[in-house]
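Please read the structure below before turning to the comments.
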Amino acid sequence: MSFLNVTLQLLNGFVQNAIVFGVTLLFAIPLGLLIAKGSMSKIAPIKAITRTFVWIIRGTPLMLQIFVVFYVPPLMARMFGVPFFGFDRAFKAMLAACIAFVINYAAYFSEIYRSGIESIPRGQYEAGAVLGMTKSQIFFKVVLMQVIKRILPPMSNEIITLVKDTSLARVISIPEILKIAENYSLEGLIWPLFYTGAFFLLFSGGLTLLFNFIEKKLSYYKI
Amino acid sequence: MPLLEVENIRKSFGGTQVLTDIGFSLNKGEVLAIIGSSGSGKTTLLRCLNFLETPDEGRITVNGELLFDGRTRSKKDDLKLREKRLHFGLVFQSFNLFPQYTVFENITLAPKLLAKEEIKANGSYLGADNYKDAVDAIDKKASELLEKVGLVSKADEYPCNLSGGQQQRVAIARALALSPDVLCFDEPTSALDPELTGEVLNVIKSLKSSDSTMIVVTHEIGFANEVADRIIFMDNGLIEEEGPPEQVIGNPQSPRTKEFLSRFNQFGD
Ligand SMILES: Nc1ncnc2c1ncn2[C@@H]1O[C@H](COP(=O)(O)OP(=O)(O)OP(=O)(O)O)[C@@H](O)[C@H]1O
Ligand SMILES: [Mg+2]
């Protein structure tokens with residue numbers, strides 16, 4: 001097994017991690033906002049349901065959630081005698097992983113958004129209101145930028161955790177990087193397992209630089 | 001006809017009556033100072049005028065236009081509400097500038113948002129019939145206001161780089177940018193270090209003119225005495241005494257007023 005060969009195989013696996021990562025960010029960021037709105041709702045049942053949902057998602061292991069999303073729908077389909085749709089197994093696994101990750105991370109993001117939004121002093125809303133701004137103008141022109149600045153550090157933390165969490169996708173046999181390295185080790189080749197660390201470090205290192213850059217961009221003012 | 005007429009405003013929070021039958025009127029160009037001890041309802045009154053709180057009862061009329069009537073309370077309509085709000089401006093005790101915008105942007109943000117909609121709805125804003133000209137007019141006005149509050153050199157600074165006194169002067173310019181009929185101040189200097197109160201009070205003094213109508217809630221009795229045309233002393237949600245400064249401060253009739261003022265005189269003002 002040449003070094004280059006292993007590198008290419010691991011890179012192949014890392015593409016799977018990157019897909020889970022990208023899809024999760026793309027959908028969890030907006031979905032989290034929706035959940036945050038629900039958990040701040042003035043309508044008590046909506047608030048209660050959303051908060052319970054967030055509690056369940058944050059209170060159970062992501063791995064368990066991946067299993068649930070992967071195994072429960074086909075079981076249900078069999079129980080009710082409906083044919084479960086006919087994509088190949090690899091696609092179904094990826095879809096299940098992405099759904100589980102999106103839901104899980106949306107729940108975490110929603111709590112970050114909520115604390116960010118709630119940390120903006122009431123005076124900011126009132127200042128906008130007495131200047132004749134509408135509710136949406138106040139949110140988008142006054143509050144949002146301040147919220148973004150506040151949530152950037154916890155969000156970058158969470159996003160870097162996501163990079164590492166993507167390797168959980170192997171529990172439903174997605175050939176992500178750790179799974180591939182594990183296969184090597186079963187054949188007696190141990191070092192690729194440690195080599196995977198370099199991929200994660202490089203990726204999260206890049207993200208850290210990006211977040212630092214954004215944080216610096218936003219440091220022209222203090223809240 | 002008075003510019004502002006306030007009649008029988010009542011407001012309670014969860015069973016506690018905070019404002020009881022507040023009524024007064026104000027002519028154009030007059031300055032009204034409201035004094036009174038902590039918890040007497042001064043802030044609540046200003047918040048009612050600015051529609052941050054809804055009174056339980058009473059009427060508010062500006063320029064003959066009935067803005068609020070407790071008997072025929074309409075449901076909250078965001079656009080109607082802001083139209084009413086634009087009759088009033090409010091300068092907060094804690095400034096509440098928008099931290100992510102420069103001084104200049106703080107002043108022009110709301111007028112620019114408003115201009116866009118006014119031009120769409122009525123065809124003009126500040127005499128301009130298109131957005132670009134309106135922006136020019138708004139910028140020009142903002143520069144004039146900055147000059148008025150003495151902060152031309154700070155136009156491109158962010159609020160976090162200004163002293164409290166400077167921030168409050170920006171807040172005053174920001175409120176003036178929308179040309180409210182009545183500008184309200186809620187203890188504009190009480191969050192400031194003593195050496196910074198003077199600059200803010202001087203700006204407020206300099207605004208006094210035949211066409212600017214102001215209501216100033218303040219604990220600065222000397223300032224109220226000097227700048228106000230009329231003074232209201234509030235106690236426990238009621239107007240306890242009202243009149244020109246010579247009367248309310250110089251020769252108070254109510255024992256509550258006397259007691260309140262004596263606390264200030266003890267310290268030699
Ligand atoms: N949103 C609210 N909910 C409940 N009670 C309130 C609310 N706002 C004000 N109050 C109460 O109303 C009373 C009057 O408050 P207000 O802030 O108007 O007084 P104030 O005269 O401005 O006092 P200060 O000089 O301390 O600013 C106080 O007893 C206060 O606790
Ligand atoms: Mg007050």
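Just so you know, these numbers use all the heavy atoms, side chains as well, and skip hydrogens, waters and symmetry mates. All values derive from a computational prediction rather than experimental measurement. Order of the sequence lines fixes the chain letters, A, B, ..., with proteins taken first and strands second; residue numbering starts at 1 for each chain.
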**Test: A:Lys149 cationic atom under 6.0 Å from A:Tyr221 six-membered ring centre, within 45° of axis** = yes
**Item:** Structural part of A:Gln137 lying under 4.5 Å from a heavy atom of chain B
**Value:** side chain
**Asked** Between B:Arg82 and B:Glu117, is there a salt bridge with N-O shorter than 4.0 Å?
**Response** yes
**Asked** Does the cation-pi check pass for A:Arg58 over A:Tyr108, that is, NZ or CZ under 6.0 Å from the six-membered ring centre and within 45° of its axis?
**Response** yes
**Fill in**
One option among B:Leu97, B:Asn161, B:Leu52, B:Asn50 has the most heavy-atom pairs under 4.5 Å with chain A, and it is B:Leu52
**Request:** Side chain from CB out, backbone as N, CA, C, O: work out which of these in B:Tyr101 comes under 4.5 Å of a heavy atom of chain A, or both, or neither.
**Result:** side chain
**Request:** With a 4.5 angstrom heavy-atom cut-off, could you sort out which part of B:Leu178 is near chain A: side chain, backbone, both or neither?
**Result:** side chain
**Message:** At a 4.5 Å cut-off on heavy atoms, which part of B:Phe92 comes close to chain A: side chain, backbone, both, or neither?
**Reply:** side chain
**Prompt:** Using non-hydrogen atoms only, which part of B:Arg47 is less than 4.5 Å away from chain A: side chain, backbone, both, or neither?
**Reply:** side chain
**Message:** Can you tell me if A:Lys141 has over 12 outside heavy atoms packed within less than 6.0 Å of its NZ?
**Reply:** no
**Request:** May I ask you to check whether B:Gln93 and B:Ser190 show a side-chain donor-acceptor distance below 3.5 Å?
**Result:** yes
